Amino acid sequence: MGVTTFLSALTGSFSQGAGNNPTVSIMEAGFEAAHMDVRYINCEVAPEHLANAVKGAIAMGWLGFNCSLPHKETVLEHLDSVGESARLIGAVNTVVIRDGQLTGENTDGKGFVEALRTQRDPRGARAVIFGAGGAARAIAIELGLAGAASITIVNRTAERGQALAEHVDQNTEAECSFTPWGSHYRIPAGCDLVVNATSIGFSPQEDQTLDVDFSTFPTGAVVADVVPNPPMTRWLRAAQDAGCIPLTGVGMLVNQALVNAKLWTGETLDATVMHRALEEALGI
Ligand code: NDP
C-alpha cells in the first residue's frame, strides 16, 4: 500500500472499542486492486463525539463511512435521508455523503442477499432464520424485500422473535411467523433456506452449535451462517454432510463490503481479492 496522499478520498468506520476491524483489510485491498485513490480508516468515536465526527467527515470530503455499535441507531438523527431497508431495520451501518447530503443504508442484509444470489435467487424462498438480533433483523427484512415467499423466525427469547416476525410480516410481501425454539428443533419439510443468524459457533466457541435435529436438514437447501470465523462452522459442516449447500459468513462480509464500495464510489471492486484479504486478516 503506498503512502496516503493528501487528496485521497476517504471512507472508514466509526466504531467504539472495535479493535482489529477486518473490514479495513477488505476495503483497502479492494481499492488498491482497482487502482483507486481511496482509503478506508477505522476511527474510534465515543458516543458523545458522534455529531462532531459526522461533521468532520463532511468537512473533509469523505465519500461515506460505516457505523458499528453503539452508533448504528444514534447516527439516524444526523442523516438527511434513509434507504428503505435501513428504515425498516431501524439501524444504519453505512452512510453515503454526496454534495454534503447524508443518506443512511443498511448493508448487513444486502451483503447476505448478494452472497445468497451466488447460490440461488432469494425470490420464492421458504426460509427459516434462527435469531432475532441485529443480523437476523437485517437478513429477514432484506429477504422479505427480495421476494422470499415465507420466513419462520426461531429465537430463544420469544418476545424478541415474535416482534421481529410481526414487523417483517407487516412490512414486506413475505409471510412471516414466529416459532418458539424447543429442544432439538425440527426444520420444517419444504423449507429451502436455513440461516443461523445467532452468534453461536463464533471462535473461540467453535465447538458450540445450534440445538437443532440435524437429521431434518432438507437435502438440497441452502444453509447459511452469519458467523465468519471459522468459515465452516459445525453448523455448516453438518448441513454439508446432510447434502445441503453451505454459505459462509465470510461471503456475507465480503459482499457487504462490495455493496458499500459501490454505494460510495459507483465502482464494483474485485470480490476475489477482498475475499483473500479477509481470510488473511482473520488467519483462516
Ligand atoms: P445480537 O446480540 O443482536 O443477537 C444475537 C442473537 O443470537 C439473538 O437472537 C440471541 O437470542 C441469539 N443467541 C445468542 N446466543 C445464543 C444461545 N446460546 N442460544 C440461542 N440463541 C442465542 O447480535 P447480532 O445479531 O448483531 O450478531 C449475531 C452474529 O452475527 C454475530 O456473531 C455477528 O458477528 C454476526 N454478524 C455477521 C455479519 C457478517 O457480515 N458475516 C454481519 C453482522 C453480524 P436472544 O434474543 O434469545 O438473546
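Counting starts at 1 for both ligands and their atoms, following the listed order. Position 1 is the first residue of the sequence, and the numbers go up from there. From a predicted model like this one, the values you see are computed outputs, not experimental measurements.
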Problem - Pairs satisfying ring pair (Phe, Tyr, Trp, His ring centres under 6.0 Å), at least one member in residues 145-190, at least two apart - result: F130-W181, F130-Y185

Fill in the blank from the handout: Residue pairs passing the ring pair (Phe, Tyr, Trp, His ring centres under 6.0 Å) test with at least one member in residues 72-105, sequence neighbours excluded, are none

Exercise for the section: Could you tell me whether the side chain of W264 and the main chain of V95 form a donor-acceptor pair under 3.5 Å? Expected result: yes

Problem - Heavy-atom side-chain proximity of S15 to C43 below 4.5 angstrom - result: no

Handout entry: Any C244 side-chain heavy atom under 4.5 Å of V222 side chain
Key = no

Practice task
Could you tell me which residues satisfy side chain to side chain donor-acceptor pair (under 3.5 Å) with N155, sequence neighbours excluded, listed by chain and number?
Solution key: none

Handout entry: Neighbouring residues of ligand 1, heavy-atom cut-off under 4.0 Å
Key = D108, G131, A132, G133, G134, A135, N155, R156, T157, R160, W181, A197, T198, S199, I200, F202, V226, G249, M252, L253, Q256

